[in-house]
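The model shown is predicted, which means the values in this text are computed figures rather than measured ones.
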Amino acid sequence: MYDYEDEDDDMFGGTPQTDKKVNIDFKAELNADQYAAVTAPYGPALVLAGAGSGKTRTLTYRVAYLLTEGVTPEEILLLTFTNKASKQMLQRVEELTGVGSHRFLGGTFHHVGGQILRLFGDSIGLQRNFTILDDGDSDSLLSEIIRELDPDFFKSKENPKAKPIKGLISYARNVMVPVEDVAKGRYPSNTELLSKIDAFTVEYQKEKINRGLADYDDLLVLWLKVLEENKEAAEYYQNRFSHILVDEYQDVNSLQSRIVDKIGSNHQIMAVGDDAQCIYTWRGADIDQIIGFPQRHQGTKIFKIETNYRSSPEILKFANGILENRKTNENFTKTLKPSKPHQDLPIVVPTIDTYQQANFILSKIEQLLDNGTSYNEIAILYRAHYHAMELQIELSRRDIPFVITSGLRFFEQAHVKDLVAQLRFVVNPKDVTAFQRFACLLPKIGEKTASKLLSLSERVSNEKKINIFKAFTEIDVLNKIPKDAKEDWVGLAETLQSVHQLATIAIPSKVVDEAINGWYHEYLHTTYENWPRREEDLESLVDFASKYENLAEMLTQLILLSSESGDRVVRPGESCLRLSTIHQSKGLEYPHVFIIGLADGLFPNKRAIDGEGDLEEERRLFYVASTRAETSLHLIYPMLSSQNGTQIRLMQSRFLKELPQTGYEIYNVHSQNAFGQGSDYRTTKWDNFGKSRRNQGFRKFY
């Protein structure tokens, strides 16, 4: 737990300081669209800022403009989604105007909410010196409450652990729907569990207040409660802030939107965002908030900032084409306008499979480097982490420096290591490290207990002349298993025995599939809130395993790759390729961008195609990915994929099919290299790629 940093009460009142007159030639320093938004008259305003159009510059100059109009810093509230964004904007304001950034109340929603609760939290029962729970502490408190209300809850493997329960509680609070409704969507057939989760939620909220605690979500939930239940506090903030500026408004959730609407009830809000870049609905962002802003705030003036300072005209035409196929209110349509010189058209590259996809990228990167490009000017973007597995393998093999914006490298992820440890132990039951890795996932089993259980199992195995997997379920061993872990232990032992038997008669892909769908399947579902993504990662190992003839060979290669990718240390200042999920790349830009896995079922993903996800959000993701590119854009998709060892045909992404064929060129790898079965894609290069447009590898469509 940690204490929230208290702010000077002068931030919330007192006599405003007298400021010098600010002299800025706004018309000369801004384009026409930016100038119109920056100098917007008093009243509600919605600024739709297209990708790369200078949104931050517009917000910064808006603050400066308000100061020139006599608005004091204390009257301005700036809400952002990162403290970094807020700090950068206010520092730039200070540079422009000389007004100290400390004079403004600005920061993330949670940061500002915490400050307000220090002053008014006691009016709703929260003591002013409350302590904020970090993620681990809130998990522990919820676990404690669940055990008190239902001592046997965690003993059933059917029940989720505290972390995923807290995740759904958090989601429900942020989208402002009953917890039971969210739980029903995730556990539709377990009515008993639904009522228990509701009870856990009520007690969790009550206990936090009793102990003077607040979790991350409380900073918003209780902030809104103050505004709705404390009339004096609500009127104070409504009257204090003559201007409220909200950054990245397309990412607000229902709770944040309600807070802004409540404080800005006098219609002085300027919301800045881009509905076409709303890509976080899975964590609560609500696109209806930005779409419905004009209806909630009568008299709203809409400003569009459309001149792009990032990408070539060819890339912008491609990106505009993506948006032409979405359904949206005419008031929200935007067309990005170029300001940079012409470059090559975006290039679509069909490849045989993900291995050829990886090798094409590395071949092209080599050419870029030969032409003076550095690694850190190149980004490779993907819809899901596992889409880049083969690429990471090739980068590691060739000792090419790369960093991953979206987190750990594929083989370093906990769930991948957990599954691989089980496979390692099946192949080599003397692998104590592997055994401890997965045994310690069970409740009440630490390294010492795991070592004792393994030693006992080995002795029983020798005495009874049975393999160690059968020994795990012998009565002598079961009697030593901690009570809370017994059910999991039996399930784990049965999975290991099944995988062991299959490993002697089946191809590696079948063995890996058996391991994924065994005990660890239940563990994944009850432990992680984002288990679908983790499950996708594990399922990609089935395809990886299909390339090998036996499990031992596969593990040898996988462990080598894991070691290589994990041991390589990027030196300070070293130029590196950037690998990233599209979600993590938002707000970034690179001269050269490769988007991989652009096939139906991968991007857009299968859930969206089947109607379980949001297809329009997938389209917006494609738009965000494409607009990261400044000079060149390559869009690559594999035509074949292996599922459970069976090759299936993939079709290019429907988003590509929708686009006019004059907007891109196709590079036909196969016109120069005909690959037969067993060909080594890893050593193939396309040396004449990137020469004349008349190169036979290109085919232009009109």
Side-chain angles (χ1 to χ4, degrees), residues 350-362 380 382-397 408-413 415-420 422-424 426-427 499 502-503 506-518 520-521 524 531-562 564-565 579 581 596-607 609 636-653 675 677-682:
T351 62
I352 290 176
D353 58 14
T354 52
Y355 286 96
Q356 193 181 54
Q357 175 178 255
N359 278 275
F360 169 79
I361 292 170
L362 295 183
I380 300 160
Y382 36 85
R383 174 66 182 84
H385 200 47
Y386 73 90
H387 293 173
M389 183 175 70
E390 286 81 6
L391 181 61
Q392 290 185 43
I393 289 171
E394 285 302 308
L395 291 171
S396 297
R397 278 193 178 122
L408 295 171
R409 299 184 179 200
F410 184 84
F411 297 110
E412 295 172 342
Q413 298 176 105
H415 52 291
V416 175
K417 285 188 170 184
D418 291 344
L419 190 84
V420 170
Q422 295 169 60
L423 298 173
R424 283 169 51 190
V426 166
V427 170
V499 171
L502 201 58
I507 59 175
S509 59
K510 298 291 185 185
V511 178
V512 173
D513 188 59
E514 181 74 12
I516 292 171
N517 291 292
Y520 197 69
H521 174 84
L524 206 64
W531 61 262
R533 183 190 64 75
R534 294 176 186 261
E535 199 165 60
E536 282 183 336
D537 287 342
L538 297 181
E539 287 169 354
S540 71
L541 288 175
V542 177
D543 186 22
F544 177 83
S546 67
K547 310 295 190 298
Y548 299 90
E549 294 183 0
N550 62 71
L551 189 61
E553 180 191 0
M554 185 212 87
L555 284 172
T556 298
Q557 186 63 30
L558 189 149
I559 292 164
L560 283 173
L561 289 169
S562 177
E564 289 168 4
S565 66
L579 273 65
T581 62
I596 65 175
L598 268 168
D600 265 10
L602 300 178
F603 190 8
N605 63 25
K606 189 175 183 301
R607 290 184 67 253
I609 292 172
I636 311 156
Y637 68 93
M639 295 185 292
L640 293 176
S641 177
S642 179
Q643 292 187 3
N644 296 329
T646 302
Q647 291 285 336
I648 64 166
R649 177 74 183 270
L650 295 177
M651 304 301 292
Q652 68 171 278
S653 172
F675 295 99
Q677 191 169 358
S679 294
D680 186 2
Y681 307 144
R682 290 184 292 275

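Residues Val499 and Gln422 are not in side-chain contact: their nearest non-hydrogen atoms beyond the backbone lie 4.5 Å or more apart.
Judged by distance alone, with hydrogens and angles left aside, the side-chain atoms of Ser653 form a donor-acceptor pair with the main-chain N or O of Phe603 at under 3.5 Å. A donor-acceptor contact shorter than 3.5 Å is absent between the side chain of Glu536 and the backbone of Tyr386. Side-chain atoms of Asn359 come within 3.5 Å of backbone atoms of Tyr355 as a donor-acceptor pair (strictly under, hydrogens ignored).
Once rounded to the nearest 0.5 Å, the distance linking CD1 of Ile507 with CG of Leu551 reads 11.5 Å. Rounded to the nearest 0.5 angstrom, Arg533 CZ and His385 NE2 are separated by 7.0 Å. Taken from CD1 in Ile352 to OG in Ser641, the straight-line distance is 14.0 Å, to the nearest 0.5 Å. In this structure, OG1 on Thr556 lies 9.5 Å from OH on Tyr548, to the nearest 0.5 angstrom. Atom CG of Leu538 sits about 6.0 Å away from atom CG of Leu524, to the nearest 0.5 Å.
Taking 4.0 Å as the cut-off between side-chain N and carboxylate O, Arg397 and Glu394 count as a salt-bridged pair.
Between His521 and Glu535, the side chains place a donor N or O and an acceptor N or O closer than 3.5 Å (distance only, hydrogens not considered).
Taking every heavy atom of both residues into account, Pro638 and Gly597 meet most closely at CD-CA, 4.1 Å. When all heavy atoms are compared, the tightest approach of Tyr520 to Ala515 is CB-O, 4.3 Å. In this structure, Asp537 and His415 approach most closely via the heavy-atom pair OD2-NE2, 2.9 Å. Minimum heavy-atom separation, Met389 to Ser540: CE-O, 3.6 Å. The two residues Val511 and Ala503 have their closest heavy-atom pair at CG2-CA, 3.6 Å. Minimum interatomic distance between Val512 and Met554 (heavy atoms only, all atoms of both residues): CG2-SD, 4.0 Å.
Among Leu598, Leu650, Leu602, Asp600, the one residue that satisfies the side-chain contact (heavy atoms from CB on, under 4.5 Å) test with Tyr637 is Leu598. Considering Leu395, Ile636, Thr351 in turn, Ile636 is the only one that fulfils the side-chain contact (heavy atoms from CB on, under 4.5 Å) rule with Ile361.
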